[in-house]
Structure formats: C-alpha cells, structure tokens
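First up is the structure itself, then whatever we jot down about it.
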Amino acid sequence: MEAKRDQFIVSVSPHVRDEESVRHIMWSVSAALFPALLASFWFFGPKAIFVTALCIISSVLSEYIFQKALNRKITINDGSAFLTGLLLGMNLPPSLPFYVPIVGSVMAVVIVKQLFGGLGYNIFNPALLGRAFLLITWPKAMTIWSAPTAKLTGLDAVTTATPLGILKEEGVGKLMEEFGTKSDLYMSLLTGERAGSLGETSAILLLLGAAYLLYKKYITWHIPLSFLATVGVLAWVFGGKGTLFTGDPVVHLLSGGLILGAFFMATDYVTCPTIRKGQIIFGIGCGALTMLIRLKGGFPEGVMFAILLMNCFAPLIDRGVKPDLFGAVKEKKK
Amino acid sequence: MKTATFERGVHPNDFKELTASKPVQQARIPKRVVIPLSQHIGAPAKVEVTIGDEVKRNQVIGSPPGFVSAPVHASISGKVVAISEFLHPSGRMVTSVVIESDEKDESITLKENPDFMKLSADEIKTCIKEAGIVGLGGATFPTNVKLSPPKEKTIDTVILNGAECEPYLTADHRLMVERPQDIVAGLKLIMKSVGVNKGFIGIEKNKPDAIEAMKKAAANEPGIEVSPLTVKYPQGAEKMLIKALTGREVPGKGGLPMDVGAVVQNVGTALAIYEAVRFGKPLTERVVTVTGKGVKEPKNLMVRIGTLVSELIEECGGLTENAAKVISGGPMMGFAQWSLDVPVIKGTSGILVQSEDEFVSSEEYSACIRCGRCIDVCPMGLNPSMLSILSEKGHYEDAKAYNLFDCFECGSCAFVCPSKRPMVQFVRLAKSQTKPG
Ligand code: SF4
Ligand code: SF4
C-alpha cells in the first residue's frame, strides 16, 4: 500500500464551521457605524475627527500595552478595542480637551474590559462606562455642545444646547422656536443637523448601519425594538405637558443617543442577555429607565445610564429565562 | 413545494455535488478484511471462530451474548488469520477478526423467502436479528431491538429516514434513486413487524430525483407517504425527523421515539432488511460515500464490511497532496481518524477527506462572547453557551441543571460559534465527569 500517510489531524466534531468570527463581526459593526460617523465629521468639523481618532488610538494602544505588560495574548486584531474606541468617540461631545478622550479610553479598555478578564467577561459596556466616568469627572466639558455648523470648515465656536436639553429645560415651545415647524424639527433630527454627541447625529445613517447589521444577523430585532417601543409608548403617555397621552414620541425616539444606544450599544453581546426572550425584557427595562431619567431625572438624556443599569441585570435575566427546551416534560398543547 | 421541518438548526454547505450523480459502484473485493466484534451499540459479539478456520462469506463469526447486541458475519471467504485488538473508527481498540481472502468469494447457502410478505412479525424480526442488522445511519443500534418495544408502548408510525442531512454524504441518496422498490418493500416489512399501517419517508428537498423515485415506488401504497423536508441540519436526527413529520416531541431526559409512538429507520437499513428477509442475506456490505477535496475521485462504493479505508482511498485515485483530515462519517458528527488502517463498519456512511484549506483549527478558540448564536440554533433548545462555560470551569454537576444529557452532540452550536469554541468537546467532557439523572 503506497500513498499511505499516517499524519492526519484529529479533532472533535464538527469538522466544518461557518465563516463568521469574532473579528469579522466586530469590524462589521465598526463599518456599520461609519456613515453616521462621516456625517458627524461634516457637521462638527476637524475637532470631531480629532476626538474620534484619539479614542480609537488610545483604546487600541492601551489594550496592547496592558496585554503586553501582563504577557497575555494580544487581541487587538479582533477589532473589539477599535470598536470600543469608536463607540466612546461617538458618545462624546465634539470639542473636548485632548486628555479627556484618552482617559475615557483607558478607563473603558483597561478597567472595564481587561481587568474583568477581557472580551467576554466584562459586565458593563466598556464605552458606556468609560463615558459615564468622564461625565462624572468633567461634568462641564462633557456637556458643552457645538452647533452643527462646521461643515468641515472648522469654524465652530458657537455652542448651544441639545434638543433634549432644550426640551428638559425650556419645554417643547422653545424647541419649536429653535427649529421652526414640527417637520423641520423631525428633519433635523433625522439628518443629524443638531447639537449633540457625535453619534447622536444622523438618525437615518445610523438606521442604515443598523439595517445592515440586522440583515447580516449580527444583531436581532429583540433589543432595539423592545427598547424603542417602550420609549415611544412612554413618551406618548407621559411626555406631554400636564395631561396624559399628549407626548410627542417622535422627538423622543429620534433625539439623544437612543438610536445609537438601542442598535449599537444595548445589543453589545457581552453585556446583554443571550436568550432572545430575555433580551426583550432587557430592552423594555432600558426603555423604561431611559424615559424615567429623561422625564424625571436630573439629566436630559438617560440612554447611557439605562443601559448600564440593565447591564447589571443581564446575568440575572439569563439565569431566569430558559430557551424553549425540545421535548420539555410538560403538558402538550393540542 | 411545502416542506416539513423542525425548529432552529443550521445550514452548512452540503458539497453533495461531488458524488450525488455518481451511481453506486461495486468496490474491489478486498484481500483482507478486519471485522470488529463490536460494530453496534450494546454488548460486543462473542467470537465463534478460531485462528486458522476457513470461513465462507455470510457465515457467522461472532454471535450476540445478550438481547441488545448483534451478530457479525464474514464478508469474504477465506482464512481467519488473527483475532486481536484493532483500531476501530471510534478511536478505540476493539477485538476484531481478520480474514485473508481465498479469492473465491464463496457464500454459505442462504435461506430465501419468495413469499416474504406473508411472514409474521416475529419471523421478520428473527430474520433481521440473524442478519446482524443495525441502524445504518450511523447510530448502529440493533434494529430488531428497536422493532421490539415493550408491550405498554403503542407504536402507530414508522418513519424512514432519507434526510441525509450530513453534508457530503450521498449513500442514502443513491440508494433511493437506484433501489426505491426494495426500500419500499423494506419499509413494508418494518411496518408489519411493529403492526403499523402508517409509514413516512422523509427526504430533504435537495434530492428531487430521490423524492420522485420514492414517490413512484410508493404510488400504490396508500399507507406510505413520501414527505419532502426542508434542507437543514440536523433534519435527519431521529427526534427532529419525528417532530417534522408528526409534530410530536420525544420527551427529554432520556425519552425515546417509542414514547411518542414512532419508530425511525434509515433508508439503508430498510434495504438491508428487505435483503435479509427476502434473500436471507446478512449485513456484510454497505454503501459508503468516499468524498471530499482530499481524494482524487470521489465515489459512492458498495463496500464489504471490514475493508480498510486505505483500500477505498486507493480505489478513489488516492489522496491529494494537501489531504489533511480523514473523517469516518459526515463532517458534522463523524470521527476524525488517526490512520487509514481502520475498517469500514456497519455504521460507516462515508469517508470524508478534507484538504488543508478546508480545515478549521479547533485549538485557537476564545472566550464566549455571549452572542447567543448557539442558543438560536440548538435543535434541542439548550443553552450551549452556558454548557460550555460550566464545563470549561469544571462545574460539571451544574451543567446538568442546563439539561446537559439532552445534548446529542450534533455540533450545530460549534458550527456557528464565532469564537470557534469546541462545544461538543466541552459537552463530552462534562458528560464523562458526571452521571445522567
Ligand atoms: S451539540 Fe448539543 S448543545 Fe450543541 S446544538 Fe447540538 S444538541 Fe445543542
Ligand atoms: S456561539 Fe459561541 S460565542 Fe456565541 S454565545 Fe455561543 S458559545 Fe458563546
């Protein structure tokens, strides 16, 4: 018997795998954020580019240095540090002193992610907890919003309030005054021509990215839909002046970090429940907490804290909700 | 075409085009066969020959020591040259009878039954038992045992499994195209043996020629229905097939098909049953798909049990330069082989040789990122992510609370895992460290 070789690879089945990988997913999510990011560069100019680049570079670098120092496997290629940096950048106001994004990134990657054991083990969404830390440390700098007038020229001295800020402080009348008609307001929110953090800009482009992720099945509808529906309903019921059922759900749905949060941050695999039914509970929780903070809390925007709070409950939800077991020993429905 | 299916599951590339249109070809009769005494679930057969004995084809060389077992037969005529431990496709060493051919290929006289449809249920089962028939889909459970449920279980449905959901394999496909009449006759014998008049033949829709052939063969059988199935893995798993065709769910925690009134047999098994009952032929050969990018000419071969894999590879033009992995069975549940010196056994549905570029390392896996994809695909509705994490940490007992023992190691979870975690390995480890119940 000639052609005989006894050096074969032996491993446990299955012997075929589909082509998805962590790396592929992470880079795809980053790519999905790109259109909206470009729009924010357009509206807020070079400073926005600077903030984002700082976040990404310091996230990736701090992961590299941390892993190198501890002699761990370097994982910067998996794209997760890049994505954390990108998401953090998109959650920041466009003009910040240079050290703020750096501190935020180190916080997110080293403390929130790596010290908990790295990707897969962290409890909180790194970008969001990083941002929360910055908000508490530099409350002033973190709430100075530039007007969306730069158009890449760099002339962006004007500062202003975000739509949600106006809504909270001065009411819906003032908001109308600023934007003109209701449809003008909706249009600005959709295109992103308004003040806010980088990722609070163009709802349309964010939705485009989200549609891609849904199509590729990198995320499912469970969290975003339950999150948005809860916000919409609560805004309509309680968002009005004085009387119930007079609120404007559209303003609430399109404002602030909701779209970014619902599609790109609450859906972070590691920090949300793994079971789809549990994700609906998670989404409703996020929506309810968001509206509680927006309507009754001290901050105009509540998406970030809502998601972070629900992150704590994700493991608990996973323990309580089970997938539908095949052949569960129970009464058969006829 | 409306197709029946189960919930969840995965869609691997099927690569069946390599052999799907190649008729089954008789393989060369080997000069030497290695016949393990354990080719089935249950007690190994007791050896009935000694070194130096002359045996004829179809002669019993091992007989069952108990009810859950099966006899084994000589697949060629010749001389017993060794009875010793030999490498088995499962990776274990198993006592095997080695026969060297006298090149005559002489058979013992077989007992034919031209009037086979007149036999009683017990007579049919005796023929099946004496022929050493076991589940040919790969499960290798002794068939007569499966056809003898305890009195208190009422069986009302027989299902023939022609799903062949494992990628690459086309053995059952070819049999359905080439021998549909005989398969239907086998199904009728099974139905008679368990006293049932409802039979299904489930076939995945990617085999339209097989569906057509079987429909034609069953046209005059009012009790037999040919049902197209959705192309999805693991459509051919017993429990999934029963769910797809009858809507019934076999209860978890060790439930069996008979608990929901069903008996499932593979189409190849049905054919073997027909041949055993009609011609008195023991199970000494089977169809094996030899395929993959690592063999030069993929083929469907009719192979004598005990033929070494190396001979089949040779018959298929040999290995390619970059052949990397040899698998006995399909790519989802088959066993990777150390060596080509392993025999084809009753449960060998295919020999798949993967090339280097198809090979995926299972060593470079990373932490679970909790993406939930495995939960979405697990046909048993388990939480594979949790099972793998608990097993990884050594919390085997805790894994039981997540229905560890309901996992049938189909590999769907590992197939989709973006972290490339060896999920089946984790499950097997946990199972080996604790007891069901
Ligand atoms: S191997 Fe087990 S846990 Fe994984 S999908 Fe199959 S049945 Fe579910
Ligand atoms: S598919 Fe893999 S990474 Fe995703 S939850 Fe399951 S085990 Fe974890």
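So you know, we letter chains A, B, ... as the sequences are listed, proteins then strands, and number each from 1. Predicted, not measured: the structure shown is a model, and the values here were computed from it.
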Glu7(B), part contacting chain A, at a heavy-atom distance under 4.5 Å:
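When you check distances to chain A, no heavy atom of Glu7(B) falls under 4.5 Å.
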What part of Cys368(B) lies closer than 4.5 angstrom to a heavy atom of chain A: side chain, backbone, both or neither?
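Contact with chain A: backbone only.
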Do Ser419(B) and Arg421(B) meet the criterion of a side-chain donor-acceptor pair at a distance under 3.5 Å?
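No.
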Establish, from distance only, whether the side-chain atoms of Ser13(A) and His15(A) form a donor-acceptor pair under 3.5 Å.
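Ser13(A) vs His15(A): no donor-acceptor pair found between side chains.
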Between [Y] and [X], is the closest basic N to carboxylate O distance under 4.0 Å?
{"X": "Lys293(B)", "Y": "Asp357(B)", "answer": "no"}
{"X": "Glu249(B)", "Y": "Lys243(B)", "answer": "yes"}
{"X": "Lys325(B)", "Y": "Glu356(B)", "answer": "no"}
{"X": "Lys31(B)", "Y": "Glu100(B)", "answer": "no"}

Passes ring-ring contact (aromatic ring centres under 6.0 Å, His included), Phe15(B) versus Tyr168(B)? Steps please.
CA-CA 5 Å; Phe15(B) 296 109; Tyr168(B) 288 97; 5.0 Å; yes
For each of Val353(B), Leu382(B), Ile327(B), tally heavy-atom pairs with chain A at distances under 4.5 Å, and name the one with the top tally.
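It is Ile327(B).
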Where on Glu19(A) is there a heavy atom nearer than 4.5 Å to chain B: the side chain, the backbone, both, or neither?
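Contact with chain B is through the backbone of Glu19(A) alone.
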Using a cut-off of under 4.5 Å for heavy-atom pairs, which of Lys322(A), Arg276(A), Lys217(A) has the most such pairs with chain B?
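Ranked by contacts with chain B, first place is Arg276(A).
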Tabulate, in ascending numerical order, the residues of residues 57-73 of chain A having at least one heavy atom closer than 4.5 Å to a heavy atom of chain B, or enter 'none'.
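Under the 4.5 Å heavy-atom cut-off, nothing qualifies.
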So which residues of residues 21-32 of chain A are in contact with chain B at a heavy-atom cut-off of under 4.5 Å?
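Counting heavy atoms that sit under 4.5 Å from chain B, the residues of residues 21-32 of chain A involved are Ser21(A), Val22(A), Ile25(A).
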May I ask you to establish whether Lys232(B) and Phe6(B) are in a cation-pi arrangement, using a distance under 6.0 Å from NZ or CZ to the six-membered ring centre and at most 45° from the ring axis?
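Yes.
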Result of checking Leu207(A), Leu213(A), Leu258(A) against Phe263(A) for side-chain contact (heavy atoms from CB on, under 4.5 Å):
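Testing Phe263(A) for a side-chain contact (heavy atoms from CB on, under 4.5 Å) against Leu207(A), Leu213(A), Leu258(A) leaves exactly one candidate, Leu207(A).
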